[in-house]
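Just so we're clear, the structure is a prediction, and the values are computed from it rather than from any experiment. Sequence lines set the chain letters: A, B, ... in the order given, protein chains first and strands last, and positions in each chain run from 1.
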There are 2 protein chains.
Amino acid sequence: MKKVSISDIARKAGVSVSTVSFVMNDKAVKMRISREVIEKVENVAREMGYRPNQLARGLRTGKTKTIGLIVENISNAFFAKLAKSIEDEAKKYDYKVVYCSTDNDEDKARDLINMLSQRQVDGYIIVPTLNLAEDIRKLQAENKPVVLIDRYFPQHDEIPAVLVDNYEGVSGGMEYLIGKGYRKVVLVTIETEMAHMKDRLRAYYDVLNRHGIAPVDGFVKVVPYESDRETALKEVEDLLAGAGTAFDAVFFLTNYLGVLGIEAIKKLQIKVPGQLAVLCFDDNDIFRLYTPTISVIRQPIEAIGQKAMSTLIERLRHTGEEAFPENAPLMLIADLVKRESI
Amino acid sequence: MKKVSISDIARKAGVSVSTVSFVMNDKAVKMRISREVIEKVENVAREMGYRPNQLARGLRTGKTKTIGLIVENISNAFFAKLAKSIEDEAKKYDYKVVYCSTDNDEDKARDLINMLSQRQVDGYIIVPTLNLAEDIRKLQAENKPVVLIDRYFPQHDEIPAVLVDNYEGVSGGMEYLIGKGYRKVVLVTIETEMAHMKDRLRAYYDVLNRHGIAPVDGFVKVVPYESDRETALKEVEDLLAGAGTAFDAVFFLTNYLGVLGIEAIKKLQIKVPGQLAVLCFDDNDIFRLYTPTISVIRQPIEAIGQKAMSTLIERLRHTGEEAFPENAPLMLIADLVKRESI
DNA sequence: GATATTGGCTAAAACGATTTAGTTCTTTTC
DNA sequence: GAAAAGAACTAAATCGTTTTAGCCAATATC
């Protein structure tokens, strides 16, 4: 059984293809199609189970009603939730989302952009990797709107971005730790040259400095992104072995690192918060259920998704030729969720 | 800056559109295009950054090199991993995957099938909901291959399915519990008429029966799918309040229920396995990290993804007109991961 | 009563590819 | 040296839509 096309409908209803198209697109009234013909066409279309071919439609109109979402890794809880919120939001605007993961690899990111571009998505929401600004500029040059999320390019404010205020988030966390009397705070971060991580790191040093605490060599542990789970776990374990003596608190800068940290803490049987206070950037189910529960800096995931989507929609609707006004990245506030670990 | 099309290349290279097409599709040799022309075209295409429009290509060829993946909820760890494994596998065969969630709602599932069908995906991998068999038959009638995963329709063996052997999995879990001396086992399951859950339930009763244990009224708790997280949690809490006296073990039949159960157990401060032995169908990061660690029946997620994908590919390549041979659902073995909770 | 206007439709181009059936030279073949 | 074969391309149809321009008859306008 073949699919039914608009011309099948036209033939069966005894009208032209154009007429069917007008009826199917609610342009029948504007095109002054008579009441009877409209009904006739609608009935035939229903009977035959007609579904317009979106490839043909997209080819003709240049619009696919699809947006491309590129995240780091869809199986990570943070990105999964972000994706879900964007998808739900997109549905409200009648857009479909197709998503894919870069695994933080810039070549893979480029491939994905190409792939989505070939599939003619109307716009993009991207969690960028390093060195992706040029590729994104090209999309913009083709008049395809792009909104960055979670990360941004500070020197490119012509690319809109929606993210959490990382500097304020980490500052708040550090102030909380220090306010509770912890002055020897170890930071576990992921290797990255990207601005959002630099902002987090800068906040760490600034807060220490503000309190007259000298940063200690080796207190900032950088886990290389490429290391596999086992290696990374080993590194975190080695670091945390010094808990309680060399340092009294640890601040994990990502959700992934936090989970790894929990695993190490469990293995090493470190008493939290007795021996070690623990704080993590980004929430995760595990942090709520672990004993003790882990305090976190929680990002407003839904809000990021909604704001990114509304920013994108605004640009999708802005059909004018003139470039869109430049704008600074939109930074939302992350809040501190106090639990038992500090 | 507009996108460059095949005719832009043709014009600039001074050849016909056909020639460009042949070169771009590696049919140049078969079509006896000369070495110089091939190079010329390739250079121009590279310089201009030509990327074929997949809508046009798909419209013409009827193949989009895209498969539709419909799962229950992409933000659930089990489905997220399944999706990732299918995506990775698809890449090997040069297919792109677009995925979406039904939230277990059969109307939503139908809408998604329609949406994917309009976008002309070449094939489907579906975690079906109730009453979806007819809609799937329609896809097959249109010559679009479908492979079910995780669930199946026992009375429809013309729809291929890849899933775990649920009956054997639960049997194994029950035998383990009973072997360890637990004879009062509570089962927490999700409301469903679907065969895979019936298989699990049947295994529960069969094993009890085999050991001469009479099933107790109220020992099988069914959490309605529609209930929100809070309500469901409350129900599980109420149930588990009797732990240690009325019953001595609990078997959660899904990952989601297990996590909910952990939350309840934590809240009620139930001693595991002292007061209550805990076992769950499906693994989850939390089960590895919770104290005590939770034993699980682990599904071979990667294998399910790979087998589903290879089954689908086989059918995608099978262009013949005659229907594909019918076949029983392919059932893979789940293994028991023994941890501390039992 | 000729000309505009309106109502109700349709023809055909266009989107960007793929693919079949040619076309035009040049080289073999007998 | 005419016919056949081969080499190197190209024209045009096609996929399923949308959309612009236009056709024809009936009615309104002067």
A:N53 CG to C:dG16 C1', straight-line distance once rounded to whole Å: 14 Å

Rounded distance (Å) that lies between atom P of D:dC15 and atom CD of B:Q54: 20 Å

Salt bridge (Lys or Arg N to Asp or Glu O under 4.0 Å) contacts touching residues 116-141 of chain A (sequence neighbours left out): A:R110-A:D135, A:R137-A:E158

Separation of D:dC15 P from A:R51 CZ (nearest whole Å): 22 Å

Steps toward ring pair (Phe, Tyr, Trp, His ring centres under 6.0 Å) verdict (B:Y99, A:Y99): CA-CA 8 Å; B:Y99 28 100; A:Y99 28 101; 5.2 Å; yes

N/O donor to acceptor pairs below 3.5 angstrom from side-chain atoms of residues 32-40 of chain A, sequence neighbours left out:
from, atom 1, to, atom 2, distance (Å)
A:S34, OG, A:V37, N, 3.4
A:R35, NE, A:E39, OE2, 3.4

Expected output: side-chain B:D8 to main-chain B:S5 donor-acceptor under 3.5 Å: yes

Short side-chain N/O contact to D:dT10 OP1/OP2 from B:S16, under 4.0 Å: yes

Salt bridge present between B:R151 and B:E72 (N-O < 4.0 angstrom): yes

Qualifying residues under side-chain hydrogen bond (donor to acceptor under 3.5 Å, both in side chains), relative to A:K27, sequence neighbours excluded: none

Rounded distance in Å - CZ (A:R32) to P (C:dC9): 11 Å

Single hit among A:L116, A:V98, A:I125 for side-chain contact (heavy atoms from CB on, under 4.5 Å) with A:I67: A:I125

Protein-nucleotide distance (A:Y50, atom OH; D:dG16, atom C1'), rounded to Å: 7 Å

Footprint string (nucleotides 23-29 of chain D, 5' to 3'): B base within contact, S backbone only, - free, heavy atoms under 4.0 Å: -------

Whole-Å distance separating the CE atom of A:M48 from the P atom of D:dG16: 13 Å

Salt bridge A:D111-A:K108, side-chain N to carboxylate O under 4.0 Å: no

Distance test, side-chain N/O of A:S7 to OP1/OP2 of D:dT17, below 4.0 Å: no

Atom pair distance, as rounded to whole Å: CD1 in A:I38 and P in C:dG7: 14 Å

What side-chain donor-acceptor pairs closer than 3.5 Å can you find for residues 44-51 of chain B, not counting sequence neighbours?
from, atom 1, to, atom 2, distance (Å)
B:R46, NH1, B:N43, OD1, 3.2

Nucleotides 19-24 of chain C: protein proximity per nucleotide (B base, S sugar-phosphate only, - neither; heavy atom, under 4.0 Å): BB----

Between C:dA13 (P) and A:L59 (CG): distance, integer Å: 17 Å

Along DNA chain D (nearest heavy atom to each residue), the more 5'-positioned of A:M24 and B:A56: B:A56

